[in-house]
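Okay, structure first, notes after.
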Amino acid sequence: MKYLTANRYALGLATALGIALAAGSASAQECTTKIGAVLPTSVDWGKPIAETAQYVVDQVNEAGGAAGCKIEMVLRDSQVDPKVGVDAAKALVDIDGVQVLIGAVSSGVTMPILTSVAVPAGVAEFSCCSSSGAFTKLAEEGKLKGLWFRTFATSNVQAAVGAKVAKDQGYKSVAVLYKNDDWGQDIGKLVAGHLEAQGIKVTSLIAINDGQPSYRAEVTEAISGNPEALYMALYPTEGTSIVRDWLSLGGTQNMIGANSLKSDEFRNNVGMQYLGSFRGTDTSSPRVASADAFVAQYKEHFGKEPNGPGLANSYDATMIALLAMEAAGKDAKGADIAAAVARVTDPSGEPVTADKDGFAKAKEILAGGGNVLYQGATGNVRFDANGDVSAPAVVWTFTEEGTKEDSYITLEEVGELTAK
Amino acid sequence: MTGIISYLVFFTTMASILAIATLGLNLQWGNTGLFNGGVAAFFGAGAYGTLLLGGTSQEDHLGGFELPYVVALAGGMAAAGILAWVVGVLTLRMRRDYLAISTFGMAIVFENVMRNAEWLSGGAKGLRGFERPLRDALGDGFAYNAAFLAVVLVLLFATYRFLQVLVRSPFGRLLRAIREDETAARSLGKSPARVRLTAFVTGSVIMGLAGGLYATFYAFVSPQDVLPTLTFQIWAMLIVGGAGNNRGAVFGAFLIWAAWTASGWLLSRFAPVDAQIYTGSIQYVLIGLVIVGMLLWRPQGLLPERLVISQSGQAPS
Amino acid sequence: MIQHLIDGILIGAILSLGATGLTMVMHMLRFANFSHAELLSIGAYSALVFEQLFKAVLPFTAGTIGPLSMTWALAVAMIASMAVTGASAVLFDKLIFKRVREKGEELSMVFASFGLALIIRNVIGLVFGLQTQLFSKDIIFATVLSRDPLIMVKPDQIAVLAITLLIIFALHLILSRTTYGYALRAVAENPSLAQVNGINLQRMIVTVWLIGGGLAALAGVFYGLTNQISPVIGRDLVLPVFAATIVGGLGSIYGALLGGFIVGIAANLALTVLPSGYSPSVPFLIILAVLLVRPHGLFGEERQ
């Protein structure tokens with residue numbers, strides 16, 4: 001029965017690894033709490049998301065750690081492969097014993113992690129960037145036990161604001177291009193709906209697949225409708241290709257983009273001279289004195305602006321997770337940590353900023369039994385019963401150095417816009 | 001310790017599911033010489049088929065048949081079989097390397113359709129609304145995973161036995177005869193085309209079984225589960241384990257999946273955070289080197305095919 | 001409509017160059033080389049390196065050529081890149097394919113090429129990073145050829161098309177008019193017979209890889225010029241290049257040229273009937289259609 005031998009061999013190998021690990025963790029520094037992160041570090045836009053999460057952990061450790069211990073983030077690469085990501089999450093939960101998981105990015109990876117690892121094990125999961133509406137539905141069905149949070153404001157906010165920008169700029173017709181994934185399919189349809197509700201004609205609604213040899217046909221198709229403006233829910237790589245072709249074929253410079261295009265790569269490879277009329281949308285921090293704290297400190301640490309898909313969201317997801325750990329106290333289980341999220345995002349709580357000092361302040365308040373309102377990089381993050389957030393929004397433009405805010409749209413205005 | 005056992009149960013379940021798919025590929029490539037470059041599509045057909053047939057009603061896509069699990073799983077396998085039959089009829093008469101390209105392209109189309117046809121498959125956000133069978137009785141913790149592993153192991157063993165018997169049967173001899181010398185087989189009055197189609201469909205149904213189990217395990221499937229990477233992983237398992245040898249296929253699946261996950265674990269442990277962006281790329285380079293190295297130095301795999309002399313009535317395993 | 005046709009021809013020219021090399025390799029060595037498209041990446045990246053080098057050493061080459069976005073430095077870099085890529089192709093054959101071939105398993109080569117593609121793609125990603133790069137950040141505006149119907153082309157694309165046609169014509173002349181060309185074709189038709197007649201098989205194989213690699217490098221540079229350079233060029237182009245090869249028929253230079261155009265045009269026209277989300281499916285549908293109607297492609301000969 002060699003088949004069983006093979007099987008046993010694999011088991012033996014894995015057990016040996018497990019023992020090696022157990023030995024490693026025993027010799028670790030006293031009182032370190034591990035949290036797990038499953039992020040696509042091997043993808044161009046995934047690495048900065050992971051770096052941002054690690055940066056939060058570093059800051060919290062500078063502020064003395066969370067729940068009385070230093071925090072160690074064990075980072076695993078999901079490779080955007082669901083089975084690799086799920087396996088990594090399972091190892092983090094079972095072997096490293098983490099009670100908090102950060103990640104994943106793609107909904108197709110996050111979903112199986114959540115349903116087959118996090119929820120069964122009672123581990124709290126915080127995702128920066130998974131946008132699928134399926135999570136909301138699962139939560140409504142009561143299958144997530146309140147363990148799920150995401151700092152990615154529903155795509156409807158950006159879609160509604162994008163349509164508002166088109167209206168304010170006086171565009172009569174817009175061509176909509178969207179990334180052909182769960183996020184893009186969602187936001188593309190929403191934008192088209194909002195544009196039409198505003199009385200703006202949608203000349204074409206075109207799905208853009210990743211990694212196509214040429215986007216010329218899609219661009220030609222979009223341009224043939226003679227739109228006054230172009231709306232893009234795209235990532236920088238495809239966005240760059242498309243805008244370069246679009247402009248060279250004489251397309252308009254009136255462009256509106258989702259926050260995924262807030263990227264240096266996009267700005268540099270298209271060129272500032274063509275981006276004067278570009279308007280971007282994003283969810284935003286509230287208007288308080290420390291509003292720019294995140295951007296300022298990010299620039300100081302990384303030497304560039306936090307431009308790129310999901311960076312602010314990643315910051316908030318990790319920070320809220322650690323704040324909740326602090327609030328839940330030492331050796332808290334995932335469910336306690338999840339329950340403590342309400343204490344750190346309490347609208348009537350004491351506001352704290354999104355940085356090291358904010359965390360230190362939060363520690364004091366929480367220790368005194370008070371609640372805090374975390375004013376994050378993406379706004380006054382407030383989760384509803386399904387773990388979703390709503391946030392104020394901004395319209396931004398590109399500058400030579402990066403981006404700057406063009407106008408601010410309050411939570412109330414966003415609420416009105418999205419209700420339409 | 002319980003954590004390690006819990007993880008190992010999880011690991012073994014996934015490895016066993018992949019081993020079933022590898023066995024399916026072994027029938028096609030190892031025994032019949034058919035280069036199936038689209039494993040992901042047949043795996044995916046099984047996964048999508050099972051969830052569509054066994055899932056609860058969803059407003060935004062097809063489904064809600066809520067068939068008993070066994071029927072749903074059989075339906076998933078049938079879906080893989082039907083897809084294989086259609087693809088086989090269209091492409092099996094081609095040059096052998098054209099078959100590789102066609103099936104590779106077909107898998108891209110499969111992923112593409114699942115990504116776009118929201119009414120059918122839920123589109124890019126994936127297919128949900130499936131309740132794992134017996135969940136009410138077993139919960140969704142360790143007990144469930146252990147029970148599910150038992151079922152998967154039984155099915156892996158059953159598949160293995162089925163293929164062992166098949167390979168030693170006259171039909172199995174015919175497969176190898178066609179693989180080695182098609183003209184000779186034809187001169188004996190055999191129909192290589194039909195035999196190849198049968199082997200192709202059977203192998204694909206086995207991949208469909210693996211896909212159905214995979215989707216059951218996660219209670220979810222999305223286009224990301226059926227990318228070409230999966231095809232490549234299954235191939236690597238077969239080549240390293242030993243094409244033509246069913247034990248080799250199973251061994252290769254466990255070995256490659258262990259290496260794949262353990263390398264990620266080791267890199268996360270010992271590689272500095274700054275180097276993490278490279279880990280995915282390094283892993284792929286290593287896997288590529290292992291495959292090329294195997295083909296160069298041990299093309300028969302770790303457990304090579306053993307020549308079966310059927311006449312001597314050799315006892316099975 | 002007409003714009004789609006023209007766009008299709010222009011992207012098709014790049015596919016043609018890739019397919020011409022692939023068709024020769026597949027014809028002579030009889031295996032589907034999944035790593036051929038990676039040679040385009042090698043070509044694009046080595047041209048990028050050489051261009052920087054030439055610009056630094058010979059600053060006067062930094063100017064662009066006429067209305068093109070291509071610099072003189074890049075033009076020279078392209079030739080250097082063809083040599084490097086051709087040499088890499090020969091090296092891969094020596095290190096991998098030759099040895100697998102000698103073990104007698106043709107189809108193992110298919111899988112070996114799969115593995116090689118993975119290695120090349122990820123090594124490039126490790127060395128140059130995962131982000132996309134451009135030869136030139138300037139955007140060259142398309143020239144309007146006609147207002148109604150609206151037809152626009154970029155000067156770069158006209159140059160790409162012209163060079164492609166020229167090269168393929170030259171290649172055809174070499175293959176059909178010179179002894180060397182006869183020898184190449186003889187080896188592809190029947191290697192043992194050709195060897196009996198005193199043709200050095202090994203040298204012919206090296207020649208084919210050099211040509212294939214050189215043309216792939218050109219295609220890679222042209223792709224970078226009209227699009228972007230990234231480590232996943234090979235992954236994105238493998239299926240369209242295969243489609244062009246199969247449509248044209250193995251071993252036919254003109255077939256590959258035409259195949260590239262057909263695949264390029266079909267991918268563009270498909271958008272007028274299919275939703276754009278389905279565009280990745282188009283190359284496969286073309287392969288299927290051609291093989292059902294003409295199992296050996298438009299210009300391929302029947303061969304077992």
Side-chain angles (χ1 to χ4, degrees), chain A residues 1-3 6-7 9-11 13-15 17-19 21-22 24 40-43 46-47 50-51 54 74-77 79-84 86-88 90-91 93-95 97 106-109 111-112 115-116 119-121 132-134 137-138 180-186 207 209, chain B residues 1-4 6-8 10-12 14-15 18 112 115-116 118 122-126 128 139-142 144-145 157 160 214 217-220 222-225 227 229-230 246-247 250-251 254-255 257-258 260-262 264-269 273 276-281 283 303 317:
Chain A
M1 298 298 284
K2 267 199 182 148
Y3 147 70
N7 203 337
Y9 176 71
L11 281 172
L13 185 75
T15 314
L17 286 173
I19 290 164
L21 162 74
T41 54
S42 51
V43 182
K47 183 198 176 196
E51 283 176 339
Q54 181 61 49
V74 185
L75 177 62
R76 293 285 306 263
D77 184 3
Q79 299 177 0
V80 212
D81 181 337
K83 58 186 180 303
V84 172
V86 171
D87 180 85
K90 187 70 180 167
V93 168
D94 281 349
I95 298 178
S106 313
S107 300
V109 181
M111 183 63 97
T115 56
S116 58
V119 173
S132 166
K137 285 191 189 141
L138 264 185
N180 199 14
D181 69 356
D182 57 307
W183 168 75
Q185 286 180 355
D186 200 25
N209 293 288
Chain B
M1 198 59 204
T2 48
I4 292 173
S6 167
Y7 173 72
L8 284 180
F10 205 84
F11 169 85
T12 313
M14 188 48 68
L18 295 172
N112 193 226
R115 183 174 288 277
N116 286 291
E118 284 184 58
K125 69 179 181 299
R128 49 173 290 276
D140 52 8
F142 179 74
Y144 193 97
N145 286 347
F157 189 69
Y160 171 78
Y214 175 85
F217 192 40
Y218 288 170
F220 178 73
S222 79
Q224 278 180 300
D225 292 301
L227 293 173
T229 316
L230 174 66
N246 285 324
R247 280 178 217 167
V250 174
F251 176 61
F254 274 82
L255 187 68
W257 184 237
W260 203 288
T261 54
W265 184 82
L266 288 171
L267 287 165
S268 80
R269 187 82 15 189
V273 174
Q276 291 266 334
I277 181 150
Y278 304 114
T279 57
S281 300
Q283 242 176 316
L303 302 184
S317 68

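There is no contact between A/Ala88 and chain B, counting heavy-atom distances below 4.5 Å. Proximity to chain A is limited to the side chain of B/Thr229, based on heavy atoms less than 4.5 angstrom apart. Contact of B/Asn112 with chain A is made through the side chain alone, with heavy-atom distances under 4.5 Å. For A/Val74, the part lying near chain B is the side chain, with the backbone staying farther off; criterion is any non-hydrogen pair under 4.5 Å. Using a 4.5 Å cut-off between heavy atoms, A/Val93 does not touch chain B at all.
Highest contact tally toward chain A, considering only B/Trp260, B/Tyr144, B/Phe142, is held by B/Trp260 [criterion: heavy-atom pairs under 4.5 Å]. When each of A/Ala121, A/Gly97, A/Ser106, A/Gly46 is scored by its heavy-atom pairs under 4.5 Å with chain B, the top score falls to A/Ser106. Contact tally against chain A (heavy-atom pairs below 4.5 Å) for B/Asp225, B/Asn246, B/Leu227: the top residue is B/Asp225. When the candidates A/Thr115, A/Leu138, A/Val109 are compared by the number of heavy-atom contacts under 4.5 Å with chain B, A/Leu138 comes out ahead. For chain A, the option among B/Gly126, B/Gly141, B/Ser222, B/Gly264 with the highest count of heavy-atom pairs below 4.5 Å is B/Gly264.
For the ring pair (Phe, Tyr, Trp, His ring centres under 6.0 Å) test, residues two or more places apart in sequence or in another chain that qualify with B/Tyr214 are B/Phe43, B/Tyr218. With sequence neighbours left out, the side-chain hydrogen bond (donor to acceptor under 3.5 Å, both in side chains) criterion links A/Asn209 to A/Asn180, C/Ser279.
Across A/Gly108 and B/Gln224, no two heavy atoms sit closer than the pair CA-OE1, 3.0 Å. In this structure, A/Arg76 and B/Thr261 approach most closely via the heavy-atom pair NH2-O, 3.5 Å.
Below 30°, between 30° and 60°, or above 60°: for B/Phe10 and B/Phe217 the angle between ring planes is between 30° and 60°, a tilted geometry.
A/Ser116 places a side-chain N or O within donor-acceptor distance of the main-chain N or O of A/Pro112, the cut-off being under 3.5 Å. When atom types are taken as modelled, the side chain of A/Gln185 and the backbone of B/Lys125 share no donor-acceptor pair closer than 3.5 angstrom.
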